[in-house]
S.K.: 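The structure under discussion is supplied below as structure tokens; questions concerning it will follow.
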Amino acid sequence: MRKQTEQKRARLNLSLNLSAPHQREAWNILRAIPAGQRTDAVCRMICKGHKQEDLLDSIRAVVREELHRVEFVSVKEKNEQPQAGDVDDNVLDFLLGLQQKGDDEPSDSLF
């Protein structure tokens, strides 16, 4: 006896509104595909788009997870925090006062 293989088919009828930009773009892409290759091309596009969405979702999840570990400091807060090498205004005033005081005193040196 010979075993018959049964082909299962699913049918999809698609009606595009060419006034809608995305649908018009899709129609132009579909028209460029040679007849007889359109079904396979549409299936590849759908699968590729689905894989890309899954990849984007995974990337977004990783970025969100990493951002939870990051502490953000606003520019205002950063500017208010003393930086390495910054000198307090009081210290500068003190040094300026010493310099001016030194300029006012007569010099004892012979040179």
Side-chain angles (χ1 to χ4, degrees):
M1 281 197 211
R2 194 168 163 204
K3 204 176 197 182
Q4 292 183 350
T5 56
E6 184 180 319
Q7 282 190 349
K8 295 181 181 182
R9 289 183 164 256
R11 187 175 236 356
L12 172 70
N13 292 318
L14 185 63
S15 176
L16 301 173
N17 177 357
L18 298 181
S19 298
H22 281 96
Q23 293 184 31
R24 184 176 51 251
E25 182 182 0
W27 174 243
N28 290 331
I29 292 168
L30 288 170
R31 277 191 332 187
I33 300 169
Q37 297 177 19
R38 290 180 182 155
T39 300
D40 187 54
V42 168
C43 291
R44 279 186 281 115
M45 286 182 228
I46 291 170
C47 291
K48 183 178 178 181
H50 186 70
K51 288 177 184 175
Q52 285 178 339
E53 284 299 318
D54 286 347
L55 179 61
L56 283 173
D57 289 342
S58 297
I59 291 170
R60 286 182 187 112
V62 168
V63 170
R64 272 189 222 104
E65 183 179 321
E66 291 301 316
L67 287 176
H68 283 295
R69 299 178 187 163
V70 176
E71 183 178 323
F72 292 98
V73 177
S74 73
V75 174
K76 182 179 178 181
E77 289 176 29
K78 184 178 179 183
N79 290 340
E80 291 174 356
Q81 294 176 352
Q83 301 294 317
D86 283 356
V87 180
D88 188 280
D89 286 339
N90 293 333
V91 173
L92 290 175
D93 289 340
F94 174 75
L95 292 173
L96 184 60
L98 286 177
Q99 183 181 13
Q100 289 172 349
K101 184 177 179 183
D103 290 343
D104 293 341
E105 293 179 5
S107 173
D108 290 339
S109 73
L110 299 172
F111 302 107

S.K.: Taking only residues two or more places apart in sequence or in another chain, which ones pass side-chain hydrogen bond (donor to acceptor under 3.5 Å, both in side chains) with Arg31?
M.R.: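 In terms of side-chain hydrogen bond (donor to acceptor under 3.5 Å, both in side chains), with neighbours along the sequence ignored, Arg31 is linked to Asn28.
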
S.K.: Checking Leu96 now: which residues fulfil side chain to side chain contact (heavy atoms under 4.5 Å, CB included) with it, not counting sequence neighbours?
M.R.: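 Per chain and number, Leu96 pairs via side chain to side chain contact (heavy atoms under 4.5 Å, CB included) with Gln99, Gln100.
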
S.K.: Can you list everything that forms a side chain to side chain contact (heavy atoms under 4.5 Å, CB included) with Ile29? Sequence neighbours excluded, please.
M.R.: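 With neighbours one apart ignored, the set is Glu25, Met45.
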
S.K.: Which atom pairs, donor and acceptor, lie under 3.5 Å between side-chain atoms of residues 11-24 and protein residues at least two apart or in another chain?
M.R.:
residue: Asn17; atom: OD1; partner: Ser19; partner atom: N; Å: 2.9
residue: Gln23; atom: OE1; partner: Asn17; partner atom: N; Å: 2.5
residue: Arg24; atom: NH1; partner: Leu18; partner atom: O; Å: 2.8

S.K.: If the condition is side-chain hydrogen bond (donor to acceptor under 3.5 Å, both in side chains), which residues does Asp93 pass it with, not counting sequence neighbours?
M.R.: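 Once residues adjacent in sequence are excluded, Asp93 has no partner under the side-chain hydrogen bond (donor to acceptor under 3.5 Å, both in side chains) criterion.
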
S.K.: Can you give me every donor-acceptor pair (side chain of residues 49-64, partner residue at least two apart or in another chain, under 3.5 Å) with its distance?
M.R.:
residue: Asp57; atom: OD1; partner: Arg60; partner atom: NH1; Å: 3.3
residue: Ser58; atom: OG; partner: Asp54; partner atom: O; Å: 3.1

S.K.: Check side chain to side chain contact (heavy atoms under 4.5 Å, CB included) between Glu65 and all other residues, then give those that pass, not counting sequence neighbours.
M.R.: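 Only Arg69 meet the side chain to side chain contact (heavy atoms under 4.5 Å, CB included) criterion with Glu65.
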
